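Residue numbers start from 1 in every chain, and the chains themselves are labelled A, B, ... in the order their sequence lines are given, proteins ahead of strands. Keep in mind that what you see is a predicted model, and the values were worked out from it rather than measured.
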Amino acid sequence: MFSPFHTFTTFENFGHSLQASSYRVAIQRPDDLYHAFQVAKKLGLKVVARGTGLSYNDASLNGGGLTLDLRGMNQITAWDPASGVVQCEAGVTLEQLWQRIEPDGWWLPVVSGTMKTTLGGCLATNIHGKNNLQAGVIGEHVIEFTAMLPTGALVTCTPKKNADLFYALIGGFGMLGIFTSVTLQTKRIYSGLLVVEARPVRNLREHLADLLENAPNYDYIVGWLDTFPSGQNLGRGQIHAARNLAEGEDSRAQETLQLAYQRLPDRLLGVMPKSLLHYFMQPFVNNLGWRAVNFAKYISSLRRHTFKQSHAAFHFLLDYVPSWERSFGRGGLIQYQSFLPQETAEDAWREMLRYSQRQGLPSYLGVTKRHRPDEFLLTHSVDGFSLALDFKVTDIKRAKLAHMLQEFDRIVLNAGGRFYFAKNSETNAELTRVFLGAETIAKFKKLKKRCDPNRILESDLYRRVFT
Amino acid sequence: MEAALFVEKNVSFSPASIPATPLRPRRRALILGASDGLGAELARALSSDGYSLALIARNKEKLDALCREINTNGGDAHPYAHNVTKYAEIPALLLKIVAELGGLDAALYVASVNLPPGGMDKYNFENDRQMIEVNLIGAMAWLTPIAEMFQSAKSGQIVGISSVAGDRGRVGNPAYNASKAGLTTYLEALRNRLTRHGVNVLTVKPGFMKTEMLKAAAGPTPFAIEPSFAARHIIRAMKKRKQTIYIAPIWRWIMLIIQHTPSFIFRKLSF
């Protein structure tokens, strides 16, 4: 008999705040996937695919089941520098991809805040970036993909062919099939640099007005929100708006496009190894210390300025301090991101921020973005804004935090907002029905039955929001 | 990154009455020999401590009744009728249990039989074999895959209910002594293997306990304790990640004397 006991592994989310143990199966090729599905069916085990495991919540956790480790399927199978079309396996990381295409003058159409994510994971969660208004979600740049269904069938989908599966597997959280090969259209760039404008915003109204007004004029726009001040200053922060350089604008383009120019420095001020930095941050990651850090950051942001920054430095802020999430301590962190329509965002977030301050559970990082809707079945996007809030998880405040996040869910739903399954860890099936609507859920369940008749693909996330 | 795996996450778990969410998970425990006595009391106590439970015993009716009782009190207990000497069934059943619980944090081996031969001059191999098969081989059959899992996951807790009877071979019930001595040594060896992987192994040595098994005792039964008292003691020891406990605690001192009684005296005793 197949004995997996020696592969039992404790997996975590990105923030080290959630754990689940399951049997790890290394996948190198599509044949291994087929074999794993057969074994799972025979033993009655549930299966989830996992890449680098960087979701903020339980999307790739599967307590007591099989976890397929797809990091071994990491070949870039074709790259055409003339058209910018790249074909690769699902376990390829964004790091591998941009490092391959950037010297040829191309960049990824949509990226996450860290480059360590796998393309398969990015498609399954249908990630968005700071360019959501201009470029949409990553799924909109997929030309074609092949996925293996739990029945063992390989399906190839494009926006035209098997369109229903195309729009459901992307953003389907790996619950219909597992990507084996992806063909992606990348984006032309003429310089390794971006022009970045930084300016302060004094309160939430100004903050959202700036995003609304300026998002159409830039390639990328993102806001940092100081979560500590209340009253008139609530929602103050800093906007970073960036645009790509046009052809000929960068006289040193050949040089700036080289990888050596893009590499993130691994030492602070040339001395201190950044891999140690998170130990020094730890004493500040509490309500008092972080209020001071945010205050200092806001004061320094009062200076309006424009500067040039490399793509890697601008996009992959989460990689700037390696293992920074460890500075949140043993309990780790959780992120709550809500997507709200233009009209209701301000009031709802004011209520949420005040609520968290009253509870003594302020967020330590607030990030705002501008969004537009998309065509995908389980879409999280709205014509409006998103606010992502990071919360420190501590043992004594776990229950209080969970309760607060449930309260946030209520505020978001009342304001006509949406959730992103890759983020909100406390959202339950009941609230999911309200936000997705019975029709969408019925459609998804029907596809689930068709692709996965034996209900083999199930994550902790799926069991939480769909059953 | 790797080193962090050894850190024991001291997460506060939700009480049984509140539904589990990712931020408020439940611990999960497997109890072997859960239908009566100490096993049933451990199930009740772990449930009120917020554990989800898989309960294993031979007697399906008793097991179902216990699960009903726990679940009506807001707990989460699942019954699995199984005889621990059906060794071949174990891997598949363990996979099923871990899948249904969604993981495993603790395994408690409580299953035990005591079949004395009935006098100092009586011998009964059939009884002896049953005791070894349930008390010792059953424990090995279950704890082998569980130890493998916990070692690989670098977390988990194993609790074995041995006995003060394993501390010395006595005239009354040689095979019972041997089965418990074997279990104690086996658990010690597991502890030596697993502590370095972040797994805690607790050996529990009860003296007399007011259960069905007490009826097997021929002579006087000093310091006999209620199984519910023992269960509370064991859970406290689990939380402190202790290695060996005696219940009642006085047995540690009694057994110290008994273990150090010279053989030329011990041979002449009739206990």
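With a 6.0 Å radius and a threshold of 12 heavy atoms from other residues, nucleotides or ligands, H278(A) has its NE2 atom above the threshold. Heavy-atom contacts from other residues, nucleotides or ligands closer than 6.0 Å to NZ of K60(B) number 12 or fewer. No more than 12 heavy atoms of other residues, nucleotides or ligands sit less than 6.0 Å from atom OH of Y320(A). The number of heavy-atom neighbours closer than 6.0 Å to CZ of R58(B), taken from other residues, nucleotides and ligands shown, is 12 or below. By the 6.0 Å contact criterion, OH on Y279(A) is open, its count of non-hydrogen atoms from other residues, nucleotides or ligands being 12 or less.
In this structure, CD on Q19(A) lies 10.0 Å from CG on D105(B), to the nearest 0.5 angstrom. Note that OG1 of T7(A) is 9.0 Å distant from CD of E148(B), once rounded to the nearest 0.5 Å. Here L23(B) contributes atom CG and M404(A) contributes atom CE; the two are 10.5 Å apart, rounded to the nearest 0.5 Å. Here NZ of K154(B) is found 12.0 Å from OG of S21(A). Values are rounded to the nearest 0.5 Å. Note that the CG atom of L104(B) and the CZ atom of F8(A) stand 6.5 Å from one another [nearest 0.5 Å].
Residues of residues 452-464 of chain A having a heavy atom under 4.5 Å from any heavy atom of chain B, listed by number: R464(A). Residues of residues 423-431 of chain A lying under 4.5 angstrom from chain B, judged on non-hydrogen atoms, are S425(A), E426(A) by number.
Interface remark: Y23(A) contributes side-chain atoms only to the contact with chain B (heavy atom separation under 4.5 Å). For A402(A), the parts lying under 4.5 angstrom from a heavy atom of chain B are both the backbone and the side chain.
Looking at every heavy atom in both residues, T21(B) comes nearest to Q406(A) through CG2-NE2, 4.0 Å. The heavy-atom pair separating R398(A) from P22(B) by the smallest distance is NH1-O, 4.4 Å. Closest heavy-atom contact between S152(B) and H6(A): OG-O, 3.0 Å.
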Mind listing the side-chain donor-acceptor pairs of residues 227-236 of chain B below 3.5 Å, one per line with the distance, residues two or more places apart or on another chain?
none

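Residue pairs that meet the ring pair (Phe, Tyr, Trp, His ring centres under 6.0 Å) test with at least one member in residues 52-77 of chain B, sequence neighbours left out, do not exist here.
Taking chain B as the reference chain and counting heavy-atom pairs below 4.5 Å, the highest number among N57(A), L18(A), I334(A) is found for L18(A).
Between L95(B) and P4(A), the closest side-chain pair of non-hydrogen atoms falls below 4.5 Å. Residues L94(B) and F5(A) are in side-chain contact: their nearest non-hydrogen atoms beyond the backbone lie under 4.5 Å apart.
Put simply, the side chain of T9(A) never gets that close to the backbone of A153(B): no donor and acceptor are under 3.5 Å apart.
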